[in-house]
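See below for the structure under consideration.
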Amino acid sequence: MSQLKNHPVYDLPLRMRRLRRNPPLRSMLQETRLRPENLIAPLFVKDLIKSPEPVKSMPGVHRLPISGIVEECRKLYDVGIVGVALFPCNPSEIKDPYGSGALDPSGLVPRTIEVIKREIPEMIVIADVALDPFTSHGHDGVLNRSKDNVDNDATLNVLTQMARILAEAGADWVAPSDMMDGRIGAIRETLDGAGLSQVAILAYSAKFNSAYYGPFRDAVGSQSSSGQPYLDKGTYQLNPGNPREAVRDALLDEEEGADILMVKPAGPYLDIISQLRQATKLPLAAYQVSGEYAQIHAAANLGLLDLERVRDESILAIRRSGADLILTYFALEMAREMGRAS
Ligand code: PBG
């Protein structure tokens with residue numbers, strides 16, 4: 001009390017708090033804004049299930065049958081989300097060491113794409129190009145003769161065919177997430193050669209060898225069948241300690257013809273998003289991955305964090321660092337709330 005009465009008034013010509021006085025003023029001056037169009041929803045599709053199947057490690061996320069995917073797309077589209085990224089959860093019977101299932105034109109993903117594009121033609125359907133949902137060993141490509149590494153060029157040969165099949169099924173964007181060298185150029189050439197030049201490439205350009213992918217591998221069932229708890233993809237995914245290499249690799253994707261570059265995971269790699277924002281004029285995407293999502297839910301479940309506020313702040317931070325598009329498992333609920341707020 002006495003402190004309030006007799007204090008001196010300081011001569012401060014610059015007072016930052018003048019523009020923070022109340023919520024409308026703060027909202028007027030907010031530098032980073034998020035709209036539903038900035039969000040892309042990753043969806044897990046599974047054949048031969050009747051109802052949504054919860055993913056244990058990702059509260060609120062389900063594997064859906066094709067009919068469920070279409071319903072989900074409608075909900076997303078109704079709240080302004082115009083992009084979905086599809087990931088298949090395949091039974092072990094269709095997996096082999098070569099990922100042959102990825103080349104079936106009537107496979108689960110091509111069929112899902114066809115249905116979405118028929119029902120909601122405006123929806124941007126993004127199809128992942130990588131072999132991990134189809135290989136028995138869980139790697140993103142085919143192994144070399146000694147089976148101790150992924151064979152780059154043999155994998156390219158499969159990925160280009162896979163990209164073509166997905167594009168022919170109607171995918172608007174193909175998204176190579178495999179981190180093989182030369183894949184963007186090879187896929188671009190294949191698509192153009194097949195008369196599919198309108199199909200864009202969203203390149204997982206700076207994809208790190210991250211432990212944050214754990215829950216996703218549970219969702220698509222791509223853990224190694226060897227029983228190894230965590231499959232090391234360090235011979236192709238980026239070393240988490242290497243920002244210069246990440247930017248260099250991403251710029252190679254631009255040279256090879258990528259339309260959009262992506263950083264993944266997002267939250268732990270905001271410096272990479274920000275550096276890439278300076279290094280290129282291409283649109284940038286960032287993937288808030290399964291482990292980032294699971295982490296927020298786990299802490300909220302323990303009563304340690306406020307789920308909605310941490311969720312919103314995590315996404316705003318990704319946007320602020322320079323991402324135009326954000327893949328996040330929170331997409332639908334966030335877009336719904338944005339709709340209510342406006
Ligand atoms: C693999 C792929 C992964 C994710 C998307 N595509 C995992 C991996 O590289 O093992 C992870 C997404 C997530 O964790 O949400 N092609």
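Only this structure's heavy atoms are used, side chains among them; waters, hydrogens and symmetry mates stay out. For ligands, and for the atoms within them, numbers begin at 1 and follow the listed sequence.
Proximity of S290 to ligand 1, defined as any heavy-atom pair under 4.0 Å, is shared by backbone and side chain alike. When non-hydrogen atoms are compared, ligand 1 lies under 4.0 Å from neither the backbone nor the side chain of D178. For Y287, every heavy-atom contact with ligand 1 shorter than 4.0 Å involves the side chain, none the backbone.
Taking a cutoff of 4.0 Å between a charged side-chain nitrogen and a carboxylate oxygen, E256 and R188 do not qualify as a salt bridge.
With hydrogens left out, the protein atom closest to atom 2 (C) of ligand 1 is K207 NZ, 3.1 Å, a heavy atom. Distance from atom 8 (C) of ligand 1 to its nearest protein heavy atom, with residue and atom name: K233 NZ, 3.3 Å. Among all protein heavy atoms, the one lying closest to atom 12 (C) of ligand 1 is F216 CD1, 3.2 Å.
Residues V150 and T155 share a closest heavy-atom pair of CG1-OG1, 3.6 Å. Residues A102 and L131 approach most closely at CB-CD2, 3.8 Å, considering heavy atoms. For the pair I49 and P65, the tightest heavy-atom approach, listed with the atom from each and the gap, is O-CB, 3.3 Å.
Remark: ligand 1 atoms within the under-4.0 Å shell around heavy atoms of V289 are 13 (C), 14 (O), 15 (O). Interface atoms of ligand 1 facing D128, defined by a heavy-atom separation under 4.0 Å, are 6 (N), 16 (N). Per-residue contacts place A130 under 4.0 angstrom from the following atoms of ligand 1 (heavy atoms of the residue considered): 16 (N). Close approach of ligand 1 to K264 (heavy-atom distance below 4.0 Å) involves ligand atoms 2 (C), 3 (C), 4 (C), 5 (C), 6 (N), 11 (C), 12 (C). Atoms of ligand 1 found under 4.0 Å from any heavy atom of S177 (numbered from 1 in listed order, with element): 1 (C), 6 (N), 16 (N).
N239 and N209 are not linked by any side-chain donor-acceptor pair at a separation below 3.5 angstrom, with hydrogens and angles left out of the test. If you check the side chains of Y236 and D181, you find no donor sitting under 3.5 Å from an acceptor. Between the side chains of T235 and N149, at least one donor-acceptor pair of N or O atoms lies under 3.5 Å. S314 and Q288 share a donor-acceptor pair across their side chains, judged by distance under 3.5 Å alone.
Considering backbone and side-chain atoms alike, Y204 places every N or O at 3.5 Å or more from each N or O of ligand 1. Remark: ligand 1 and D132 share an N or O pair separated by less than 3.5 Å (distance only, no angle test).
Remark: E119 CD is packed, more than 12 non-hydrogen atoms of other residues, nucleotides or ligands lying under 6.0 Å away.
Not a single heavy atom of E292 sits less than 4.0 Å from an atom of ligand 1. Within the structure, ligand 1 has Y329 among the residues with a heavy atom less than 4.0 angstrom away.
Here the side chain of D96 pairs a donor or acceptor atom with the backbone of Y98 at under 3.5 angstrom.
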